[in-house]
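Chain identifiers are assigned alphabetically (A, B, ...) following the order of the sequence lines, protein sequences preceding nucleic acid strands; residue numbering begins at 1 within each chain. Side chains included, hydrogens not; waters and symmetry mates left out as well; all remaining heavy atoms used. Note that the structure is predicted; figures quoted are calculated from it, not measured.
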2 protein chains.
Amino acid sequence: MARAATTSDVFNAIAEPQRRDILALLRAGERPVTDLAQELGMSQPRASKHLRVLREVGLVRDRKAGKQRLYGLDARGLRPVHEWTGGFERFWNESFDRLDTYVQDLKQTWQED
Amino acid sequence: MARAATTSDVFNAIAEPQRRDILALLRAGERPVTDLAQELGMSQPRASKHLRVLREVGLVRDRKAGKQRLYGLDARGLRPVHEWTGGFERFWNESFDRLDTYVQDLKQTWQED
DNA sequence: CGATCATATGCCTATATCGGCATGCGTCAA
DNA sequence: TTGACGCATGCCGATATAGGCATATGATCG
């Protein structure tokens with residue numbers, strides 16, 4: 001078997017970096033496909049395909065605007081992801097007592113993005 | 001090209017439901033492979049493979065304990081995911097429920113970034 | 001109507017899985 | 001040492017995916 005269809009799972013939909021980029025861009029407001037494609041340096045068909053996946057999992061919505069089709073963000077689907085990861089928050093905040101000292105050291109040096 | 005390697009991206013690693021299940025189970029503490037496999041109803045090789053992916057993206061750590069190999073959670077890698085989705089929080093709190101043209105027009109106030 | 005712009009799709013290739021099964025390898029016990 | 005146990009891997013098959021290119025579909029305008 002291959003991987004589960006990205007089409008039915010938000011986790012899968014956002015597993016693709018370019019789709020995350022699209023979502024991030026859409027925070028600024030609705031945009032037509034060509035606009036997104038150009039801004040992200042991808043071909044139009046490529047952008048359309050990513051947008052289709054995002055639409056199918058409900059992360060974006062589209063509406064016609066003359067010749068164009070404006071895509072807008074609908075971030076509600078990201079909430080479950082945020083909550084799921086949030087369920088691990090105490091594990092990255094607390095001390096890792098169950099793990100060995102090596103990890104403790106890593107935590108000291110730790111400074112992510 | 002195929003999908004990006006799950007091995008290099010936490011987003012991809014957690015795109016697989018069974019891997020999320022494994023992570024969830026590990027919140028209770030370290031566990032040997034067979035234990036996890038049995039609890040999640042998957043074969044041992046399957047569990048090992050998922051654990052390998054999780055290990056390669058740094059979400060779990062392992063240590064030998066006699067014949068067994070205990071896997072433990074290292075949730076720090078989930079933090080970026082939590083933060084990324086958190087960047088959309090205000091969007092799912094806003095009233096996107098009735099996303100008709102009227103609302104769209106209102107939102108265009110801040111459309112340009 | 002015909003031309004043109006904006007998107008969506010279909011077809012095709014290469015690749016990266018996920019899963020199963022059998023097996024290799026290290027560890028511990030007798 | 002031999003055997004049993006625990007786990008990792010290799011190999012194979014089926015499938016989904018990302019992208020590219022060409023093209024179908026839609027809408028607007030002259």
By ring-ring contact (aromatic ring centres under 6.0 Å, His included), which residues pair with Tyr71(B), not counting sequence neighbours?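 Expected list: none.
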
From [atom1] of [X] over to [atom2] of [N], roughly how many Å is that when rounded to an integer?
X	N	atom1	atom2	value
Leu70(A)	dC5(C)	CG	C1'	15 Å
Gln68(B)	dC25(C)	CD	C1'	17 Å
Ile22(B)	dG19(C)	CD1	P	10 Å
Asn12(A)	dA16(C)	CG	P	17 Å
Arg63(A)	dT7(C)	CZ	P	13 Å
Phe11(A)	dT17(D)	CZ	P	17 Å
Glu16(A)	dA16(C)	CD	P	14 Å
Lys49(B)	dC12(D)	NZ	P	13 Å

What nucleotide among dT9(C), dG20(C), dG6(D) has an atom nearest to a side-chain atom of Arg52(A)?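 Nearest to the side-chain atoms of Arg52(A), counting from C-beta on, is dT9(C).
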
Of all pairs that satisfy ring pair (Phe, Tyr, Trp, His ring centres under 6.0 Å), the ones with a partner from residues 31-51 of chain B, not counting sequence neighbours: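 Matches after skipping sequence neighbours: none remain.
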
Would you indicate, yes or no, if [N] has its OP1 or OP2 atom less than 4.0 angstrom from a side-chain nitrogen or oxygen of [X]?
X	N	result
His50(A)	dT17(D)	no
Arg69(A)	dA8(C)	yes
Tyr71(B)	dG6(D)	no
Arg46(A)	dG20(D)	yes

Does Leu40(B) share a hydrophobic cluster with Phe11(A), counting links as ILVMFWY side-chain heavy atoms below 4.5 Å and allowing steps through other members?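 Cluster IDs for Leu40(B) and Phe11(A) match.
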
Which is more 5' along DNA chain D, the nucleotide nearest Gln18(A) or the one nearest Arg31(B)? Just name the residue.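 The 5'-side residue here is Arg31(B).
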
Using heavy atoms to find the nearest nucleotide of DNA chain D for Arg55(B) and Lys67(A) separately, return the residue whose nucleotide is more 5′.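 Checking each residue's closest nucleotide, the 5'-ward one belongs to Arg55(B).
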
Touch check for Lys64(A), heavy atoms < 4.0 angstrom, all strands: base, sugar-phosphate only, or nothing?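 Here Lys64(A) touches the backbone only, sparing every base.
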
Donor-acceptor check, side chain of Arg20(A) to backbone of Ile14(A), threshold 3.5 angstrom: yes or no?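 Yes, because the side chain of Arg20(A) sits within donor-acceptor range (under 3.5 Å) of the backbone of Ile14(A).
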
Is there a donor-acceptor pair under 3.5 Å between the side chain of Arg27(B) and the backbone N or O of Gly87(A)?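 Looks like yes, one N/O pair under 3.5 Å.
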
Exceeds 12 heavy-atom contacts within 6.0 angstrom, atom CD of Gln38(B):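 It does not: Gln38(B) CD has 12 such atoms or fewer within range.
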
Angle between ring planes, His82(A) versus His82(B), binned at 30° and 60°: parallel, tilted or perpendicular?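 Taking His82(B) first and then His82(A), their aromatic rings lie parallel (interplane angle under 30°).
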
Expected output is a numbered-order residue list: members of residues 32-45 of chain B with a heavy atom under 4.0 Å from any atom of DNA chain C. What is it?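 Within residues 32-45 of chain B, the residues near DNA chain C are Ser43(B), Pro45(B).
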
